[in-house]
Every structure is written in structure tokens, then in C-alpha cells.
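Inspection log for the structure reproduced underneath, given as C-alpha cells.
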Amino acid sequence: YAPWCPACQQIELTWESFAKESEHLDVTVGKVDVTQEPGLSGRFFVTTLPTIYHANDGVFRRYRGSRTLEDLQGYVLERKWEAVEPVAGWKSPSSIMMHGMAGLFHFSGWIRQIHSYLTGTLGIHVWISYAIFILATLLIGLFLGL
């Protein structure tokens, strides 16, 4: 979820109720703020918000059903998750590909922090910051090419 997402805000009370019932359902319920954890956003290939996953014994399934409390509980109690196709091997959050994707999301966060430092803390104009990144990209490419 993301705090600014209207759909996430809409499901928030239902999700909290589901989390309170989790002990009776014998599941663990959690939520991750993708603005604070961009690596997990990349690892789980989150393209829409909110995105709900069911994980059991290292097998991940994306929940695409109704977002009512009754349907969420039924998904677990009636074991409806067994009829859902698991996330493909290369898209699985535990795959090497998704580890790499998580790394790219972390890297983009570092670039954003560096840009904010250059423009906010040091007071460098935005276009000069862009020029620095362009120059760094060219130099890294040149170095790797050599």
C-alpha cells in the first residue's frame, strides 16, 4: 500500500479487521508501505495498489478477489488460495530476477536521495544535478567500455 493511495485508504479498515481476525484464521497479516520499502515493491513486482499476496510454504499467490472482510476470510478459511495459480518462477519474490529488481529499486532510491541532497542541502539547481548524473552515467559507461 501507499499512504497517498485512495484505494489503499478505502480498504484500510477492512484490512485492519482482517489482521485482528488473523489469529483465528491461523495466518499472519501485514502491510508494507511501498514508499518506505521500494525494494519490496520491486521484488513483488507491484504495479497496482493495493496489491495483496498470499504466501504459504514459500509459494506466493496474488489475491485478486473482492476486498470485503468476508471474502478475505473465506479465501483463507475455505482454502480458495489452492485454486489460484502460484506466481511464475521467474516472477516469484524469492527468484534471482526479483532480487535484482529489488536492487534496482534500492538504487533508484539512492539516486533520488543524492538528487535531493544536491538540490536541497547544497542548493544546486535541478538542471545542474541532472547534468551531474548524465556525466556520471557517461563516465561509468566509458570506464566499463574500457
TODO: Check the pair R64, V84 against side-chain contact (heavy atoms from CB on, under 4.5 Å), reporting the backbone distance first and the verdict last.
DONE: CA-CA 9 Å; R64 297 181 190 268; V84 176; over 6 Å; no
Task: SB check E85 R62 (cutoff 4.0 Å) - done: no
TODO: Examine Y63 together with Y75 and report whether their ring centres are nearer than 6.0 Å.
DONE: yes
Task: Atom of R67, atom of I11 and distance for their closest heavy-atom approach - done: CD-CD1, 3.3 Å
- [ ] Report yes or no: is the cationic atom of K31 (NZ for Lys, CZ for Arg) under 6.0 Å from the centre of the six-membered ring of Y1, at an angle within 45° of the ring normal?
- [x] yes
Task: Side chain to side chain, F133 and I114, heavy atoms closer than 4.5 Å - done: yes
- [ ] Would you name the heavy atoms of S129 and I124 that are closest together and state the gap between them?
- [x] N-CG2, 4.0 Å
- [ ] Evaluate the ring planes of F107 and W110, with Trp represented by its six-membered ring, and classify them as parallel (under 30°), tilted (30 to 60°) or perpendicular (over 60°).
- [x] perpendicular
Open item on the list: If hydrophobic clusters are built by linking Ile, Leu, Val, Met, Phe, Trp and Tyr wherever their side-chain heavy atoms come under 4.5 Å apart, do L122 and I132 end up in the same one?
Closed with: yes
Open item on the list: Counting C-beta onward and ignoring hydrogens, is there a side-chain heavy-atom pair between W15 and L72 closer than 4.5 Å?
Closed with: yes
TODO: Give a yes or no on whether the backbone of A55 and the side-chain of W81 come within a donor-acceptor separation of less than 3.5 Å.
DONE: no
TODO: Would you name the heavy atoms of L49 and A2 that are closest together and state the gap between them?
DONE: CD1-CB, 3.7 Å
TODO: Flag the pair T14 / T68 as yes when at least one side-chain heavy-atom distance between them is below 4.5 Å, and no otherwise.
DONE: no
Open item on the list: Tell me every residue that passes side-chain hydrogen bond (donor to acceptor under 3.5 Å, both in side chains) with S17, counting only those two or more places apart in sequence or in another chain.
Closed with: none
Task: Over 12 foreign heavy atoms within 6.0 Å of CD, E82 - done: yes
Task: Minimum-distance pair of heavy atoms, taken over all atoms of L25 and V76 - done: O-CG1, 3.9 Å
- [ ] With rounding to the nearest 0.5 Å, note down the distance linking CD in Q73 to CD in E70.
- [x] 6.5 Å
Task: Path from Y130 to L139 over hydrophobic side-chain contacts below 4.5 Å - done: no
Open item on the list: If hydrophobic clusters are built from ILVMFWY residues whose side chains come within less than 4.5 Å, do V27 and V59 share one?
Closed with: no
Open item on the list: Could you check whether H54 and F60 have their ring centres less than 6.0 Å apart?
Closed with: no
Task: side chain to side chain contact (heavy atoms under 4.5 Å, CB included) partners for T121, two or more places apart - done: Y117
Task: Side-chain heavy atoms of R61 within contact of Y53, under 4.5 Å - done: no
Open item on the list: Grouping I, L, V, M, F, W and Y whenever their side-chain heavy atoms are under 4.5 Å apart, do V29 and L69 come out in a common cluster?
Closed with: yes
TODO: Determine, using the 4.5 Å side-chain heavy-atom cutoff (strictly less than), whether I111 and V126 are members of one ILVMFWY cluster.
DONE: no
TODO: Kindly say whether P3 contributes a backbone atom to a donor-acceptor pair with the side chain of Q9 at under 3.5 angstrom?
DONE: yes
TODO: Write down the atom of K20, the atom of H24, and the distance for their closest heavy-atom approach.
DONE: O-ND1, 4.5 Å
